[in-house]
Amino acid sequence: MKPTKMVVNTQTQEISIVEMNDEEYAQHLIDVAAWEAQQAQELSTD
Amino acid sequence: MGISIFPTAAAAAFGSDDFELISSVTPTAASTSVNFTSLDPFKKLLVICKDVELATTGIIRIRLNNDSNGDNYLYNYFSTSANINAAFGTGFQATTTNTVSQTVRFLLIENCDKTGVKIATAGAARIGSDYTQNLNQLYLGTAIITQLNVVSSTTFTAAGTVALYGVR
């Protein structure tokens with residue numbers, strides 16, 4: 001099961017919780033990896 | 001809705017613009033992002049994350065039109081050494097964050113209703129003054145903004161509010 005995302009339609013104010021699709025999940029994994037890389041770089045330059 | 005509910009520092013920074021509240025939500029626990037869709041064209045958009053918490057230490061990024069192209073996001077920031085770079089730039093870096101509450105983060109984006117470069121200013125301040133942070137950022141995408149995405153590198157808890165304001 002993939003993580004969920006929250007969608008707010010600003011025209012109707014309807015809120016829905018939906019599962020990420022494959023593309024979004026792939027981007028999420030990239031985000032996690034980028035965050036870990038950023039952490040590593042900040043630690044190395046402190 | 002007027003500007004009076006803004007944090008004092010933010011209100012001072014944004015002057016007399018007539019910001020209206022577009023939506024305000026508490027993130028759903030375990031969700032990875034809050035996505036404001038179907039936006040009317042606004043000249044300016046302002047995101048305020050107040051007391052939002054992540055389940056584990058991570059980062060909150062803000063994307064425009066769900067664009068994760070890192071080449072489109074540029075920022076500079078003040079630190080112990082001067083930095084101007086596009087690293088980690090798959091979205092505006094609202095700020096690094098963690099599980100600390102009582103924190104306000106905001107991002108003001110200008111030129112949202114034009115097909116040109118967008119300029120953004122981000123700030124963060126923890127009540128109790130552990131830290132403040134300021135980032136000046138550019139978005140090189142040229143589309144009018146119809147969607148704004150508040151994206152976590154981990155997951156949100158059901159805490160705090162993510163509010164989106166706009167100036168027409």
Side-chain angles (χ1 to χ4, degrees), chain A, chain B residues 20-40 42 45 54-61 63 66-70 77 79-81 83 85 87-91 93 96-98 145-156 158 162-166:
Chain A
M1 184 175 171
K2 299 182 183 70
T4 57
K5 63 176 184 177
M6 187 175 189
V7 179
V8 183
N9 183 318
T10 60
Q11 297 293 324
T12 63
Q13 299 299 322
E14 180 186 3
I15 296 174
S16 55
I17 312 297
V18 297
E19 192 172 294
M20 287 178 158
N21 61 34
D22 288 344
E23 183 180 353
E24 291 164 338
Y25 184 54
Q27 182 60 53
H28 176 66
L29 295 178
I30 292 170
D31 290 344
V32 173
W35 160 247
E36 291 171 350
Q38 180 172 349
Q39 283 285 84
Q41 179 168 327
E42 288 178 353
L43 287 173
S44 68
T45 56
D46 280 347
Chain B
E20 63 180 85
L21 178 63
I22 300 170
S23 290
S24 178
V25 296
T26 296
T28 303
S31 63
T32 57
S33 62
V34 177
N35 304 273
F36 297 99
T37 65
S38 304
L39 287 170
D40 283 336
F42 285 91
L45 290 170
L54 300 180
T56 58
T57 300
I59 191 170
I60 294 175
R61 293 186 177 89
R63 292 183 176 138
N66 208 22
D67 179 5
S68 58
N69 180 356
Y77 57 93
S79 68
T80 52
S81 61
N83 291 277
N85 61 50
F88 330 116
T90 58
Q93 183 167 320
T96 54
T97 189
N98 48 34
I145 306 307
T146 58
Q147 183 177 164
L148 187 142
N149 318 91
V150 182
V151 181
S152 162
S153 65
T154 167
T155 57
F156 290 104
V162 178
L164 180 63
Y165 296 82

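Computation of the quantities below employed the complete heavy-atom set of this structure, encompassing side-chain atoms and omitting hydrogens, waters and symmetry-equivalent molecules.
One finds the OG atom of B/S24 at 9.5 Å from the CD atom of A/Q13 (value rounded to the nearest 0.5 Å). Distance NE2/A/H28 to OG/B/S33: 9.0 Å, rounded to 0.5 Å. In this structure, OG1 in B/T32 is found 11.5 Å from CE in A/M6, a value given to the nearest 0.5 Å. Annotation: the span from A/N9 atom CG to B/L39 atom CG amounts to 9.5 Å, rounded to 0.5 Å.
Using a 4.5 Å cut-off between heavy atoms, A/L29 does not touch chain B at all. For B/V150, no part lies near chain A; criterion is any non-hydrogen pair under 4.5 Å. Looking at B/T146, neither its backbone nor its side chain comes within 4.5 Å of chain A, counting heavy atoms on both sides. Contact annotation for B/T155: neither backbone nor side-chain heavy atoms come within less than 4.5 Å of a heavy atom of chain A. Using a 4.5 Å cut-off between heavy atoms, B/N149 makes no contact with chain A at all.
Contact detail for A/E24 and B/N66: the closest heavy-atom pair is OE2-ND2, 4.4 Å. For the pair B/S23 and A/V8, the tightest heavy-atom approach, listed with the atom from each and the gap, is OG-CG1, 3.7 Å. Across all their heavy atoms, B/S68 and A/Q27 have their closest contact at OG-OE1, 3.0 Å.
Judged by distance alone, the side chain of A/T10 and the main-chain N or O of B/S38 form a donor-acceptor pair under 3.5 Å.
Counting only heavy atoms from C-beta outward, the side chains of A/Q11 and B/T37 never approach each other to under 4.5 Å. Between A/T4 and B/T28, every side-chain heavy-atom pair lies at or beyond the 4.5 Å cut-off.
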